[in-house]
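Here is the structure we will look at, set down as structure tokens.
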Amino acid sequence: MKLLLCCVLATLACAQDQHPITKRQIAPVMGEGGADWLTRPEREAEEHPEAALQEIGIPKGATVADIGAGVGFYTLRLARRVGPTGTVYANDIQPGMLDRLKERVEAAGVKNVIPVLGTVSDPKLPANAIDLELLVDVYHEFSEPEKMVRKLREALKPDGRMVLLEFRGEDKDLPIQPLHKMTVAQVRGEIEPEGFRLAKRSEILPRQHILIFTKKAMP
Ligand SMILES: C[S@@+](CC[C@H](N)C(=O)[O-])C[C@H]1O[C@@H](n2cnc3c(N)ncnc32)[C@H](O)[C@@H]1O
């Protein structure tokens with residue numbers, strides 16, 4: 001019991017509440033209580049998910065990963081876009097979110113989704129295997145952002161892309177809690193030192209940045 005308590009305290013002590021480079025305050029993880037918010041009817045109009053995926057470009061037959069997939073709002077759309085010859089890894093750290101995601105995948109009759117329970121520092125994806133990693137409204141919740149991004153880089157193929165959608169931190173009027181928004185400068189300041197470069201920035205969405213990163217050589 002004493003050992004267990006020590007381990008829990010050690011884990012809590014390791015958790016960062018600020019990003020070491022930008023000093024951005026890390027947001028708390030959305031719990032299962034927020035699951036219904038992820039499928040709220042007005043989300044389509046607020047976020048234009050199909051336009052986002054069209055803009056990113058999701059090739060048929062691709063192997064993609066929905067990181068922090070929640071209940072699968074994007075997973076199902078990705079599964080349709082990659083088609084039966086493609087694969088979607090649906091990653092999250094909360095088993096309850098993944099249970100709901102599995103129910104939705106089953107109800108939709110979708111066969112090409114592989115749910116993956118990750119940890120806060122490791123998405124548990126195969127190495128060098130992913131064409132595209134999609135992170136919608138999740139990066140700002142990573143409690144171990146540097147470790148996660150390193151692992152995400154390892155999982156990407158050499159020409160793979162890592163795509164972040166984040167609510168615009170530059171827009172003070174956006175009705176989203178400040179900790180759950182990010183500026184482009186914050187995202188670049190944190191992601192690029194981990195061996196990525198911003199290959200494309202798109203602002204076609206009403207509320208979110210689309211930021212597409214590719215790998216650059218590490219010294
Ligand atoms: C705001 S929700 C967004 C869910 C989904 N991307 C969507 O757009 O509907 C954030 C999700 O990220 C997950 N999450 C937080 N930290 C994570 C991490 N380190 N690795 C994987 N998932 C994480 C949470 O459990 C939660 O399900």
Side-chain angles (χ1 to χ4, degrees), residues 11-12 14-17 19 24-53 56 58 64-79 81 88-105 108 113-125 130 132-155 162-169 174-182 190-191 194 205-211:
T11 310
L12 290 176
C14 285
Q16 303 174 111
D17 55 8
H19 192 283
R24 171 185 63 85
Q25 201 180 334
I26 290 169
V29 170
M30 171 189 276
E32 264 183 80
D36 289 342
W37 191 76
L38 298 175
T39 51
R40 66 196 186 283
E42 57 274 28
R43 193 168 176 196
E44 298 264 350
E46 289 170 2
E47 298 190 20
H48 298 181
E50 292 298 341
L53 294 179
I56 294 164
I58 313 291
V64 306
D66 189 3
I67 307 298
V71 300
F73 183 77
Y74 271 90
T75 307
L76 290 171
R77 290 172 169 81
L78 286 168
R81 283 184 183 253
V88 183
Y89 289 97
N91 151 279
D92 208 284
I93 52 170
Q94 298 188 71
M97 287 288 193
L98 286 182
D99 287 345
R100 290 178 187 234
L101 179 144
K102 285 177 206 162
E103 283 168 19
R104 284 163 47 85
V105 164
V113 171
I114 304 176
V116 182
L117 183 64
T119 69
V120 294
S121 55
D122 187 348
K124 307 272 187 193
L125 294 172
I130 312 292
L132 180 115
E133 295 168 342
L134 181 66
L135 286 74
V136 179
D137 198 18
V138 55
Y139 173 81
H140 63 269
E141 288 186 9
F142 284 174
S143 56
E144 298 284 352
E146 292 170 300
K147 289 182 185 163
M148 271 296 284
V149 172
R150 275 170 217 155
K151 288 285 183 186
L152 289 170
R153 190 174 184 281
E154 282 172 23
M162 182 173 79
V163 182
L164 273 69
L165 266 66
E166 286 287 341
F167 288 107
R168 291 188 190 98
L174 200 61
I176 297 286
Q177 290 174 16
L179 289 191
H180 293 268
K181 303 184 204 177
M182 287 189 75
E190 297 180 17
I191 301 289
E194 299 299 340
L205 299 182
R207 296 179 160 199
Q208 293 147 302
H209 298 295
I210 300 178
L211 301 170

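Not measured: the values here are computed from a predicted model. Whatever order the structure lists them in is the order used to number ligands and atoms, beginning at 1.
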If you take all heavy atoms of Ile26 and Leu179, which pair is closest and at what distance?
-> O-CD1, 4.3 Å
Give yes or no for whether the N/O distance cutoff of 3.5 Å, strictly under, is met between Phe73 and ligand 1.
-> no
Among Leu152, Asp92, Asp137, Leu101, which residue places a heavy atom closest to atom 1 (C) of ligand 1?
-> Asp137
Could you list which atoms of ligand 1 come closer than 4.0 Å to a heavy atom of Gly70?
-> 4 (C), 27 (O)
Within reach of ligand 1, part of Glu144 (heavy-atom separation under 4.0 Å) | neither
Give the residue and atom name of whichever protein heavy atom lies nearest to atom 14 (N) of ligand 1, and the separation in Å to one decimal.
-> Val138 CG2, 3.7 Å
Top protein contact for atom 6 (N) of ligand 1, by heavy-atom distance = Gly68 O, 2.7 Å
Counting N and O atoms only, with roles assigned by atom type, does the side chain of Arg81 sit under 3.5 Å from a partner on the main chain of Leu78, one being a donor and the other an acceptor?
-> no
CA sep, side-chain torsions, deciding dist, call: Arg100, Glu32, side-chain contact (heavy atoms from CB on, under 4.5 Å) = CA-CA 10 Å; Arg100 290 178 187 234; Glu32 264 183 80; 4.3 Å; yes
Does an N or O from Tyr74, backbone or side chain, lie closer than 3.5 Å to an N or O of ligand 1?
-> no
Salt-bridge present (Lys151, Glu133; N to O < 4.0 Å) | no
Who gets closest to atom 8 (O) of ligand 1 by heavy atom: Arg43, Gln94, Lys147, Met30?
-> Arg43
Of all heavy-atom pairs linking Ser121 and Met148, the shortest is C-SD, 3.8 Å
So among Arg24, Glu166, Lys181, which one has a side-chain hydrogen bond (donor to acceptor under 3.5 Å, both in side chains) with His140?
-> Glu166
Nearest-contact summary for atom 21 (C) of ligand 1 - protein heavy atom, Å = Asn91 OD1, 3.2 Å
Check ligand 1 against Met97 and write out every atom of the ligand that is under 4.0 Å from a heavy-atom position of the residue.
-> 27 (O)
Indicate yes or no for a side-chain donor-acceptor contact from Asp92 to the backbone of Met97 under 3.5 Å, with no hydrogens or angles considered.
-> no
Close approach, Gln208 and ligand 1, non-hydrogen under 4.0 angstrom = no
Below 4.0 Å from any atom of ligand 1, is there a heavy atom belonging to Gly118?
-> no
Looking only at N/O atoms, are Phe142 and ligand 1 under 3.5 Å apart anywhere?
-> no
Which residue holds the protein heavy atom closest to atom 23 (C) of ligand 1, what is that atom called, and what is the gap in Å?
-> Ile93 CG1, 3.7 Å
What are the two closest heavy atoms between Glu146 and Glu194, and how far apart are they?
-> CG-OE2, 3.6 Å
Is it true that a side-chain atom of Arg207 and a backbone atom of Glu46 form a donor plus acceptor pair closer than 3.5 Å?
-> no
Please confirm whether the backbone N or O of Met30 pairs with a side-chain atom of Gln94, one donor and one acceptor, at under 3.5 Å?
-> yes
Polar proximity ligand 1 side, Asp66 side, N/O cut 3.5 Å exclusive = no
Where the side chain of Arg77 meets the backbone of Glu50, is there a donor-acceptor pair that is under 3.5 Å apart?
-> no
Is ligand 1 under 4.0 Å from a heavy atom in the side chain of Pro123, in the backbone, in both, or in neither?
-> neither
among protein heavy atoms, the one nearest atom 10 (C) of ligand 1 is Glu141 OE1, 3.5 Å
